[in-house]
Amino acid sequence: MTKHQSQYLIKKNNNEYEVVIGLEVHAQVLSNSKLFSSSPTKFGAEPNTQVSLVDAAFPGMLPVINEFCIKQAVKTGIGLNAKINKRSIFDRKNYFYPDLPQGYQISQYKNPIVGEGSVTLDLPSGEKKIGIERLHLEQDAGKSIHDLDPENTFVDLNRSGVALMEIVSKPDLRSPDEVNIYIKKLRSIMRYLGTCDGNMQEGSLRADVNVSVRKKGDKKFGTRCEIKNVNSIKFMQMAIEYEANRQSNLIENGETIDQETRLFDTKKNETRSMRSKEDAHDYRYFPDPDLLPLELGDEFIENLKKEIPELPDQKKKRFIEKFKLTPYEANILVSDIETSRYFEEVIKNSDVKLSVNWITGELFALLNEKNLEISHSPISAKNLSKLINLIKDGTISGKIAKTVFELMIETDKNPLKIIEEKSLKQQSDPKELEKIITKVITDNADKVKEYKSGKDKLLGFFVGQVMKVSGGKANPQLVNEILKKKLK
Ligand code: ADP
Ligand code: MG
């Protein structure tokens, strides 16, 4: 794809509009307890069973910082190639909401724990760097439940106080596709690091999507709207498309865009105004007097650097250099850490090219069909590796291998056992093959005549017949060789 084709432009009359997007991703820190209390954070617990007096904001309760959450945020910052700020400050962001018993959220404002960084996207047109503005830590709020009762709203405080990392991108994204790739890359990095499980269904990853448009070629950004709390990539993309269209229509009609906070209605597939955008001063931010500034020592940061595993970008580079994968293949295999582990396990003892083909082909299709993660694959890496070796050494053909693969799904048995039990071994004994071939030739005398008079294409027919008679077990290469000799 050329650069031009991948550009996302909206045509209105004689004008073309470019869309500009910046994301504020809220990623739930993977941690057993909350940011300032020891309550558990398990998903799906009975309402209000994971709430301490701190989370419920009883008077006089004091927050105590959870060191593990700090470590998780710093690790994520390192994974985003970002500056780690050795001094950061927790502020109170004041607002009223029934699911916010404190009346304020503890967040970081002017002095976040992580500063500028970047994430590299693999686009069809090549690599693109998306700037990261900052990452700060904050508490999640509780949840208001409106649909359990016709007259009452319930509040569940289980989520109240859970640690979130807000990862703010620069306005560097230019299309719904780039947003898709960006979110997946961010999620992949955090999963490698073990700092966020990235589970969007459970709300562990959601984003505020900032969208503006400008005429193609304009240098200045347009006025943005912020679409709050979108919890699936599909919805983010739909919201951007809707919003880009709405805004360019307004401009076309000579109107201006109001900076506002909007909501994406997933049923009507449209965004709606919630309120005009609040400014920072509306929140009366001030440093939380219950918490000291957070100071990190060099050693603390250095020790965390040592815990950073090989991340997707490095792994991709290694796979390309060491295993001669194409960038495309490498991308697929590193995007998920479990997939990369599975792949490395298989190729410990097997041919790389065949392994790539079988994992990205047969295995992915199977997992897709059964809706399974690779960590729950019905076929272990060890047994797939054995199957691949049986193809490589000619014990079975690729076609029979597919049959064996099907049989492995139920039992994850050693493929060699299956081959023996079902007598699926490839026939590579020339004498046996000759017998079959002679029979096929005598049975098809007329076709033989045609072949000899120059109809070369018929060779395929003879090979097919031999394969049929052998029950698919004849070694195709040998069959070809012997047939050619016999038909001369
Ligand atoms: P706020 O807290 O007011 O939403 P932030 O600075 O935290 O402000 O977040 C602003 C987000 O909006 C960032 O992700 C940034 O990239 C994005 N953004 C800023 N200006 C624009 C714009 N003109 N068009 C689209 N996105 C923008
Ligand atoms: Mg915002």
Side-chain angles (χ1 to χ4, degrees), residues 8-10 17-27 73 80 82 85 88-95 104-119 121 128-141 164-176 178-179 181-183 185-186 205-230 236-237 239-248 250-251 256-264 271 273-285:
Y8 182 84
L9 291 171
I10 296 137
Y17 291 87
E18 180 186 43
V19 61
V20 172
I21 307 149
L23 294 186
E24 297 160 79
V25 168
H26 296 263
L80 300 176
N85 292 326
S88 65
I89 292 177
F90 286 99
D91 296 284
R92 289 187 180 178
K93 181 181 184 181
N94 298 282
Y95 63 98
Y104 58 85
Q105 177 193 32
I106 305 180
S107 181
Q108 297 189 303
Y109 176 47
K110 286 209 170 124
N111 301 279
I113 187 164
V114 175
E116 291 187 325
S118 69
V119 172
L121 306 189
K128 174 174 175 179
K129 273 208 164 98
I130 303 299
I132 298 294
E133 181 73 42
R134 57 191 270 154
L135 176 159
H136 67 249
L137 275 167
E138 63 185 27
Q139 309 173 291
D140 207 345
L164 298 179
M165 298 181 277
E166 177 166 331
I167 303 168
V168 182
S169 86
K170 305 226 167 170
D172 287 347
L173 295 154
R174 291 290 176 273
S175 72
E178 287 188 10
V179 166
I181 297 170
Y182 171 74
I183 294 279
K185 186 64 178 275
L186 207 56
L205 196 70
R206 45 195 204 263
D208 299 341
V209 184
N210 295 272
V211 183
S212 67
V213 298
R214 62 179 172 186
K215 281 201 183 120
K216 191 184 162 191
D218 275 4
K219 289 268 176 318
K220 236 179 114 222
F221 287 145
T223 304
R224 70 178 152 125
C225 287
E226 178 178 2
I227 308 147
K228 275 280 170 201
N229 220 4
V230 191
M236 289 179 202
Q237 295 184 302
I240 292 164
E241 275 171 30
Y242 179 87
E243 200 49 29
N245 196 41
R246 184 186 73 86
Q247 292 181 16
S248 40
L250 281 174
I251 297 176
T256 49
I257 316 282
D258 292 329
Q259 184 166 334
E260 49 180 10
T261 302
R262 298 177 74 87
L263 201 80
F264 183 62
T271 66
S273 181
M274 273 168 84
R275 54 179 187 251
S276 69
K277 170 89 182 140
E278 60 291 320
D279 285 314
H281 61 249
D282 294 329
Y283 288 114
R284 303 291 189 273
Y285 277 102

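In listed order, ligands and their atoms are each counted from 1.
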Taking only heavy atoms of [X], which atoms of ligand 1 are found under 4.0 Å from at least one of them?
X: V20; answer: 24 (N), 25 (C)
X: L23; answer: 14 (O)
X: G22; answer: 14 (O), 16 (O), 17 (C), 26 (N)
X: F221; answer: 23 (N)
X: K170; answer: 16 (O)

Short N or O distance, [X] and ligand 1, threshold 3.5 Å exclusive:
X: E24; value: yes
X: S212; value: yes
X: V168; value: no
X: G222; value: yes

Quiz item: Of the listed options (E226, E133, R224), which comes nearest to atom 8 (O) of ligand 1 when hydrogens are ignored and any heavy atom counts?
Solution: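 The residue whose heavy atom sits nearest atom 8 (O) of ligand 1 is R224.
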Might you point out which heavy atoms bring [X] and [Y] nearest each other, and give the distance in Å?
X: A73; Y: I113; result: CB-CG2, 4.3 Å
X: Y17; Y: V213; result: CD2-CG2, 4.3 Å
X: D172; Y: E178; result: O-OE1, 4.0 Å

Self-check item: Short side-chain donor-acceptor distance under 3.5 Å, R224 and N210
Solution: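 Yes, R224 and N210 have a side-chain donor paired with an acceptor closer than 3.5 Å.
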Self-check item: For Y109, all residues meeting ring-ring contact (aromatic ring centres under 6.0 Å, His included), sequence neighbours excluded
Solution: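 Scan of Y109 (ring-ring contact (aromatic ring centres under 6.0 Å, His included), adjacent residues dropped) gives Y285.
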Quiz item: What residues form a ring-ring contact (aromatic ring centres under 6.0 Å, His included) with Y182, not counting sequence neighbours?
Solution: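 Listed in chain order: nothing, the list is empty.
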Quiz item: Among K215, K220, K216, R174, which residue meets the salt bridge (charged side-chain N to carboxylate O under 4.0 Å, His left out) test with E18?
Solution: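 Among the candidates, only R174 passes.
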